[in-house]
Amino acid sequence: MQRLLSPPLKALMGSPCLRLLVPRAAPRAQCGCSCGISRPLRPGQYSTVSEVALQAGRGTVSLPSKAAERVVGRWLLVCSGTVAGAVILGGVTRLTESGLSMVDWHLIKEMKPPTNQEEWEAEFQKYQQFPEFKILNHDMTLAEFKFIWYMEYSHRMWGRLVGLVYILPAAYFWRKGWLSRAMKGRVLALCGLVCFQVRLFNGLEEKPDSHDIPSGPPSVSTSVDLTCCHTGVSLLLLILRQLLWTPQLPETRQLLWLRRFAHGTAGLVFLTALSGAFVAGLDAGLVYNSFPKMGESWIPEDLFTFSPILRNVFENPTMVQFDHRILGITSVTAITALYFLSRRIPLPRRTKVAAATLLALAYTQAGLGISTLLMYVPTPLAATHQSGSLALLSVALWLMNELRRVPK
């Protein structure tokens, strides 16, 4: 009897379905550091995704694997790159005064550009009905109009690309079960920002009966672009936390203070970049083209020209430039202090590289900003300065990620 039952029992015990139900004999798992030392799993721990699902009583739930997490991480990297490109292209569009050359907004209809002389003249005639042409560009030729039109057209088409690159893969990953519960919430939040950006862009159309030169709203649009971009970068870093090697940093009082200081510095860098968007929107870089003083004084007299006082913060070019200067100098000072504080603490090599990169980018960005101001805002230099703000904030987020708390 034993001889008859032995082969079927061995085959049954070797099947994958039953093997998941049998506790493993002292399985070993990596400790999570780079030393390669392994240790036994604690009671109740399981070494496969299927075992975790079975332990929780949800054997049919599809949890994201490491390979799926890597795919999602790369997708977020692509999303961050496309939104960064949109910010840079939008900045150049704003610097060339091209943002209002297309007077209509249609999600699908306007994707086809004019193809002959009659269509171009009809498009130009529509633009001539708006205040920007009547007040600023009344002597513009058709050839000049084509240039600003194509600038705005490329910006809008790139924006559509951003939406497609984000929404279509997000829906696919959601359906495949490659997103964890926490990541689903972040994906929905980003989707909300994308939809809000589309709605905001739709509200930026210039009206024919408007008599104002609409320089303010584009700065708001750029700020929202910046917010979306770095929200995407921060989510990317959250994914990389699970995919890349995690430095095992001991929880000390010095590290705690350094981490808090890094968070505050990153927030300061974000506010500086946000204020730069208002500088571009109000053409505030064309007033007081001197440094370090503003004209002949440290504090100009026309800081509080508008009433109420709070209006100056958003609409007075002098106040906007003054705020950007103060925030920029404070950011460079904070990053310098952060770098020297990090030198006093034993940190992994990659964390030190992040701190040194942040310091180098901060002084490069400051030099670009001062040069842009002194040279009366040339478009290539101004666009490079705006791109530098994206790089600086991204590296600040990278350093925050390196200084994260070690999971317990």
### Task
Using a 4.5 Å cut-off on heavy atoms from C-beta on, say whether the side chain of Asp283 contacts that of Pro317.
no
### Task
Report the relative orientation of the aromatic rings in Phe133 and Tyr127; use parallel for angles under 30°, tilted for 30 to 60°, perpendicular for over 60°.
perpendicular
### Query
So, the side chain of Gln128 versus the backbone of Lys134: is there a donor-acceptor pair under 3.5 Å, distance only?
no
### Query
Got more than 12 heavy atoms from elsewhere within 6.0 Å of CD1, Ile299?
no
### Message
Counting only heavy atoms not in Arg343 (residues, nucleotides, ligands), do more than 12 fall under 6.0 Å from its CZ?
### Response
no
### Query
Just wondering, do Ile335 and Tyr339 contact through their side chains at under 4.5 Å, heavy atoms?
no
### Summary
Tightest non-hydrogen contact, residues Thr357 and Trp398, listed as OG1-CZ3, 4.3 Å
#### Entry: Flag side-chain contact, heavy atom, 4.5 Å: Ile345 against Trp257
no
### Task
Please report the C-alpha distance between Asn316 and Phe322 in whole Å, then the side-chain angles of each, then the deciding distance to 0.1 Å, and finally whether the side chain to side chain contact (heavy atoms under 4.5 Å, CB included) criterion is met.
CA-CA 10 Å; Asn316 186 350; Phe322 181 78; over 6 Å; no
### Message
In the structure I gave you, are the side-chain heavy atoms of Arg325 and Phe291 within less than 4.5 Å of one another anywhere?
### Response
yes
### Query
Would you say the side chain of Glu97 lies within less than 4.5 Å of the side chain of Ile148, judging by non-hydrogen atoms?
no
### Heavy-atom closest pair, residues Leu142 and Glu121
CD2-CG, 4.4 Å
### Query
Nearest heavy-atom pair of Leu89 and Ser154: which atoms, and what distance?
CD2-O, 3.6 Å
### Message
Nearest 0.5 Å, please: how far is OG1 in Thr93 from NE2 in His155?
### Response
5.5 Å
#### Entry: Atom CE of Met375: over 12 foreign heavy atoms under 6.0 Å
no
### Message
Less than 4.5 Å apart, side chain to side chain, heavy atoms only: is that true for Lys126 and Glu123?
### Response
yes
#### Entry: Expected output: side-chain Arg160 to main-chain Met111 donor-acceptor under 3.5 Å
no
#### Entry: Closest heavy-atom pair and its distance - Tyr153, Pro113
OH-CD, 3.4 Å
### Task
Classify the side-chain pair Thr336/Tyr363 by whether it contains a donor and acceptor separated by less than 3.5 Å.
yes
### Query
Okay, side chain of Ser342, backbone of Ala355: is any donor-acceptor separation there less than 3.5 Å?
no
### Query
How about Leu255 and Leu347: do any of their side-chain heavy atoms sit closer than 4.5 Å?
yes
### Query
What are the two closest non-hydrogen atoms of Leu179 and Lys184, and how far apart are they?
O-CE, 3.5 Å
### Task
Evaluate the criterion side chain to side chain contact (heavy atoms under 4.5 Å, CB included) for residue pair Leu338 and Leu399; output intermediate values, then yes/no.
CA-CA 11 Å; Leu338 179 64; Leu399 180 59; 3.5 Å; yes
### Task
Give a yes or no answer on whether the side chain of Glu119 reaches the backbone of Thr115 with a donor-acceptor pair at less than 3.5 Å.
yes
#### Entry: Passing option when Glu402 is tested against Arg350, Lys352, Arg259 for side-chain hydrogen bond (donor to acceptor under 3.5 Å, both in side chains)
Arg350
### Task
Would you kindly say whether Asp302 and Thr318 are connected by a side-chain donor-acceptor distance under 3.5 Å?
yes
### Message
With side chain to side chain contact (heavy atoms under 4.5 Å, CB included) as the test, pick out the partner of Leu381 among Leu373, Leu368, Leu95, Leu374.
### Response
Leu368
#### Entry: Donor-acceptor pair, side chain of Asn312 and main chain of Ile309, under 3.5 angstrom
yes
### Message
Is the ring pair Trp75/Tyr166 parallel, tilted or perpendicular, if the boundaries are 30 and 60 degrees?
### Response
parallel
#### Entry: Considering all heavy atoms, the nearest Ala362-Val332 contact
O-CG2, 4.0 Å
### Task
Sort out for me which residue in Leu282, Leu286, Val287, Ile326 forms a side chain to side chain contact (heavy atoms under 4.5 Å, CB included) with Gln321.
Val287
### Message
Can you confirm whether Phe130 sits close enough to Leu100 that some side-chain heavy atom of one is under 4.5 Å from a side-chain heavy atom of the other?
### Response
no
### Message
Would the distance check show the side chain of Tyr150 and the main-chain N or O of Phe145 forming a donor-acceptor pair, the cut-off being under 3.5 Å?
### Response
no
### Query
Any sub-3.5 Å donor-acceptor pair from Trp158's side-chain atoms to Thr82's backbone N or O?
yes
